[in-house]
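I have placed the structure first, in the form of structure tokens, so that the comments after it can refer back to it.
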Protein chains: 2
Amino acid sequence: MDKREKILNAAMELIIRQGLQHTPMSHIADRAGVGMGSVYKRFKNKEDIVNGIYVKIKTEEAAMIFVNYDERNSVPDTFNDIYGRMIDYFLSHPLKFNFISQYAFSPVIEKKTQVQAMSRFHRFDEMYARGLEQGLFKDLAPQHLTYFVFGSVCYWLKCASELQIDVDHKMRNQFLKMAWDSIKK
Amino acid sequence: MDKREKILNAAMELIIRQGLQHTPMSHIADRAGVGMGSVYKRFKNKEDIVNGIYVKIKTEEAAMIFVNYDERNSVPDTFNDIYGRMIDYFLSHPLKFNFISQYAFSPVIEKKTQVQAMSRFHRFDEMYARGLEQGLFKDLAPQHLTYFVFGSVCYWLKCASELQIDVDHKMRNQFLKMAWDSIKK
DNA sequence: AGGTTCAGACTGAATATTCGCTCAGTGTTT
DNA sequence: AAACACTGAGCGAATATTCAGTCTGAACCT
């Protein structure tokens, strides 16, 4: 595997498990099976690694949830498909979900990183713009709808994971209905 | 002002602005106008301060949003009152809002702290339980409803603050409607 | 084929820095 | 004058970062 990838994976695991402060660069290098120098060859510093992990996960997430995206599909179908996939992605990658929850609002994540990550999700805007045109949604900027629903997903999943509730298919659909009901006109 | 308060306030400002790692205890002491010893007299260590800030904000928030709480009021009225106040609280205390967003999912916050903070919000459970009895809400555990709506509020406000959108009364009410629509049967 | 060179990647011990925390000395209250 | 609270310089552990030396393998001789 690519060394950059190895470093990012090693760092993610350690940082999630022990926290940023308790994860020395030397441990990251060890676990990635490379020397310290190789880490600093690829990353400016520790925070640069965190930003790298953030972008990597967000890119993977976007690829996963939009895999089936087709503007010709109806808005409701698209909505269910996208958010259903998002739930599935987070449920099947708990470490990554944890990482995103923890760092989404952290000052460690630079503006530039945030913008870069967001750019992968432009299809949300397309879908919401289309839905608004068709009079399906309440009158709010697409971005607000994006955040509102995303926030619901995150906290709801966090709740489920903390209470160790296993999210079955029925629950998943019930949630999708809640999300839809919240923004539909 | 009480020294403990001074320390908590100073720490909150600095930690929000610079991040936990880049906020030495000495700066906290300086800004609070006290010596290091006084800090360590009151707090076991740095993480203890973070936990202290968390509880302080959550306590204040709970006091604010339930100030008018009365079980004899209708569920919809209670819902609007509580969440309306929550929005107002966060809007008028942006630093505190920031802090909570950043540390809600952080491992620095101990389980004990989380439980202690949550206990101030038991009235949510009461309200949701009552609403469920009356057949107003979708069939989910009260805790799920709490998290779902809270997540919506947080992310939506975060969006507004990042895009520097000023939330007027109309928008506030529109949001309340979204939150209600999401969980109503 | 075997030898030589060498650029660039890699390593990890050594260095430099940062910061959490202590405690001897000072100030304040009763 | 005893009891108590407070201060902040300094200790030392943790760890971020550097860089001198090593390794690798491709290119080029002989």
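Owing to the predicted nature of the structure, the values given are computational and were not obtained by experimental measurement. In what follows, chains carry the letters A, B, and so on, assigned in the order in which the sequence lines appear, proteins first and then strands, with residues in each chain numbered from 1.
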Just how far, in rounded Å, is [atom2] of [N] from [atom1] of [X]?
X       : N      : atom1 : atom2 : answer
A/Leu20 : D/dA14 : CG    : P     : 18 Å
A/His27 : D/dA14 : NE2   : C1'   : 11 Å
B/Met25 : C/dG20 : CE    : C1'   : 7 Å
A/Glu47 : D/dT15 : CD    : C1'   : 14 Å
B/Asp30 : C/dG20 : CG    : P     : 13 Å
B/Lys3  : D/dC4  : NZ    : P     : 17 Å
A/His22 : D/dA13 : NE2   : C1'   : 14 Å
A/Asp48 : D/dT17 : CG    : C1'   : 14 Å

Choose from D/dA5, C/dT11, C/dC21 the nucleotide whose nearest atom is closest to any side-chain atom of A/Ser38.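 Given the options D/dA5, C/dT11, C/dC21, the side chain of A/Ser38 is closest to C/dT11.
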Side chain of B/Lys41: nearest nucleotide among D/dA16, C/dC19, D/dA5?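 Nucleotide nearest to B/Lys41's side chain: D/dA5.
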Tell me which residues in residues 10-19 of chain B lie within less than 4.0 Å of DNA chain C, going by non-hydrogen atoms.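 Within residues 10-19 of chain B, no residue comes under 4.0 Å of DNA chain C.
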Sequence neighbours left out, what passes ring pair (Phe, Tyr, Trp, His ring centres under 6.0 Å) with B/Phe79? Give chain and number order.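 Partners of B/Phe79 under the ring pair (Phe, Tyr, Trp, His ring centres under 6.0 Å) test: B/Tyr83, B/Trp180.
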Under the ring pair (Phe, Tyr, Trp, His ring centres under 6.0 Å) test, residues paired with A/Tyr89 that sit two or more places apart: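 A/Tyr89 satisfies ring pair (Phe, Tyr, Trp, His ring centres under 6.0 Å) with A/His93 only.
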Test: B/Asp70 and B/Arg72 ion pair at under 4.0 Å: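 Yes, charged N to carboxylate O under 4.0 Å.
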Treating [X] as the side-chain partner and [Y] as the backbone partner, does any N or O pair qualify as donor plus acceptor under 3.5 Å?
X        : Y        : result
B/Asn51  : B/Val108 : yes
A/Lys138 : A/Lys184 : yes
B/Lys58  : B/Thr113 : no

Look for any protein N or O under 3.5 Å of an N or O in nucleotides 24-30 of chain C and output each such pair with its distance, or none.
none

Taking the six-membered ring for Trp, are B/Tyr147 and A/Tyr155 parallel (under 30°), tilted (30 to 60°) or perpendicular (over 60°)?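 It falls in the tilted class, 30° to 60°.
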Using 30° and 60° as the class boundaries, would you call the ring planes of A/Phe175 and B/Phe148 parallel, tilted or perpendicular?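 Rings of A/Phe175 and B/Phe148: perpendicular, over 60°.
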Check this one for me: any side-chain N or O of A/Lys46 less than 4.0 Å away from OP1 or OP2 of D/dT17?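 Checking A/Lys46 against D/dT17: no side-chain N or O falls below 4.0 Å of OP1 or OP2.
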Looking at A/Arg42, does any N or O in its side chain come under 4.0 Å of the phosphate oxygens OP1/OP2 on C/dC10?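 A/Arg42 to C/dC10 OP1/OP2: side-chain N or O found under 4.0 Å.
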Are a donor atom and an acceptor atom from the side chains of A/Tyr128 and A/Gln143 found within less than 3.5 Å of each other?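 No, no side-chain donor-acceptor contact under 3.5 Å.
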Please work out if A/Gln21 contacts a base, only the sugar-phosphate, or nothing of the nucleic acid, heavy-atom cut-off 4.0 Å.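 Since only primed, P, OP1 and OP2 atoms lie under 4.0 Å of A/Gln21, the category is sugar-phosphate.
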Those residues that, when tested against A/Lys41, pass salt bridge (Lys or Arg N to Asp or Glu O under 4.0 Å) (two or more places apart):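 If we apply the salt bridge (Lys or Arg N to Asp or Glu O under 4.0 Å) test to A/Lys41, skipping adjacent residues, there are no hits.
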B/Lys158 vs B/Glu162 side-chain heavy atoms within contact, under 4.5 Å: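 When only atoms from C-beta onward are counted, B/Glu162 and B/Lys158 do touch, with a gap below 4.5 Å.
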Stepwise side chain to side chain contact (heavy atoms under 4.5 Å, CB included) check, A/Ile15 with A/Ile53: CA-CA 10 Å; A/Ile15 290 172; A/Ile53 297 171; 4.3 Å; yes
Mind listing the N/O atom pairs, protein and nucleotides 19-24 of chain D, below 3.5 Å?
none

